[in-house]
Amino acid sequence: MKAPIKGFSKLSREAKIEWMVNEIFDGDKNVVGLLDSYLHSDEKVQKLHNEFIENTISNYFLPLGVAPNFLINEKLYTLPMAIEESSVVAAAAKAAQFWLKRGGFKATVIGTEKIGHVHFMYHGDSLKLHEFFNDNKDHLLASTNDITANMQARGGGITGIYLVDKTEELDQYFQLDVRFQTCDSMGANFINSCLERLAESLTSLIQSDNRFSEDEKKVQIVMRILSNYTPNCLVRAEVSCPISELAEEEGVSPQEFAEKFYRAVRIAEIEPYRATTHNKGIFNGIDAVVIATGNDFRAVEAAGHRHASIDGQYRSLTHCSIDNGIFKFWIEIPLSVGVVGGLTALHPMVKFAHKLLGNPNASELMGIIAASGLAQNFAALRALVTSGIQKGHMKMHLLNILNQLEATEEEKAYFVNYFKDKVVSHSAVVRHFCELRGIPYESMVKPK
Ligand code: MEV
């Protein structure tokens, strides 16, 4: 890139692309063809996508897979999963099938409370501020009535407001800590609007209150924003069965399987290196459903990782017990998701995903997503403590390698069969591909 550009956002899509072609791609017009080829054929649908974000130049596809046979609280679901990584959907479907025969998943929503804060600086007597807050709490809440009316009619709204003194950690720092119920929406816009109003009201109420000196009246509002950490918007999903009902896995007896599985979870509970990978696998299942249902996977991840490190050490989000011959495996995770608002009424594939799930409410969706994370973790640990992860993973990866090699459909079918009883590795596939096509292996592995 030669120089920064001014007014980029004001350019048309075509002009934006032209600028990139000239400045970044050395005039390569193929870039235009590529970007155009990913546009939706229906102009209306494309317009929707253009308007989801800013500076849209094309679309970015992720595959949408489905994992059937998820029995959650006695109800059967087919899960929509948007993810780029091979093996994840297959693993979810396999774990769902396994637990289908053993009573399925039990999901329990422990709470649905959301949180937001007005972060502000007050230089004065803390007791005076507390007195003021107690006298004015109702006024503060009443000032949000026009924003909260609809949510209240649906059974939600602001459920609590507290003044928190944080001056021991940061000089002059106080918070309004506000609690919300946002019904079937994730509620970010609702919460932030309420917080902005509360901050305005706080400032004007303090300024017109004679108990404060002129200096104390100079309250500085620093931020008004929801917290993505929602410890009380929590769900638990669980599977269990007698150890004797666990299948024999790759020559490992049910008892040995249960013990190794239990130890694998214990390792992730005490060892942060392993916990990070362990939880990453859980988020393979969680994010895929969160994305497919149009929810905010960054928010869900941030809350999940905070929960995983609640006592100061990063730990596993899942847990396992073996008591009196019963194997139990569960996850407890904060999940702030919605089924109304945001993309849910706009994105055609998101609407499809909700329909596929039978249009669940937000609490039901929390249970479904938690079950997906638990299933994914079960599948990963099941492979890790028996045959290892690469066997299944590389089989799925085989197709990706063959696609990279631009193999024909006949060649793909041949390779899937050829590697049925062999270890798949990138080099083994490329080597055999070269042998079959009669091309030198070196020509494929040399850097371009
Ligand atoms: C790969 O995406 C996820 C795993 O590494 C998770 C795990 O190790 O538990 C298989």
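Pairs of residues two or more places apart, or lying in two chains, that qualify as salt bridge (charged side-chain N to carboxylate O under 4.0 Å, His left out) and include a residue from residues 359-380 are K75-E364. Applying the salt bridge (charged side-chain N to carboxylate O under 4.0 Å, His left out) test to pairs two or more places apart or on separate chains, those with a residue in residues 278-294 are E85-K280.
D165 is linked by a salt bridge (Lys or Arg N to Asp or Glu O under 4.0 Å) to nothing, counting only residues two or more places apart in sequence or in another chain. In this structure D171 satisfies the salt bridge (Lys or Arg N to Asp or Glu O under 4.0 Å) test with no other residue, sequence neighbours excluded. When the side chain to side chain donor-acceptor pair (under 3.5 Å) test is applied to N210, no partner is found at least two apart in sequence or on another chain. For H49, the side chain to side chain donor-acceptor pair (under 3.5 Å) partners two or more places apart in sequence, or in a different chain, are H347. With sequence neighbours excluded, the residues that form a side chain to side chain donor-acceptor pair (under 3.5 Å) with K128 are E216. With sequence neighbours excluded, the residues that form a side chain to side chain donor-acceptor pair (under 3.5 Å) with Y173 are H119, Q175. Partners of R266 by salt bridge (Lys or Arg N to Asp or Glu O under 4.0 Å), not counting sequence neighbours, listed by chain and number: E269. Remark: L141 engages I158, I161 in a side-chain contact (heavy atoms from CB on, under 4.5 Å) (not counting sequence neighbours). Every ring-ring contact (aromatic ring centres under 6.0 Å, His included) that Y122 has, sequence neighbours left out, goes to F174, F212. In this structure, the salt bridge (Lys or Arg N to Asp or Glu O under 4.0 Å) partners of K217, at least two apart in sequence or on a different chain, are E214.
The side-chain contact (heavy atoms from CB on, under 4.5 Å) test with N284 singles out one residue from N279, V88, N377, V89, and that residue is V88.
Side-chain N/O atoms of N295 and T293 include a donor and acceptor closer than 3.5 Å.
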Can D209 and R211 be said to form a salt bridge (charged side-chain N to carboxylate O under 4.0 Å, His left out), step by step?
CA-CA 6 Å; D209 196 309; R211 82 187 86 193; 3.0 Å; yes

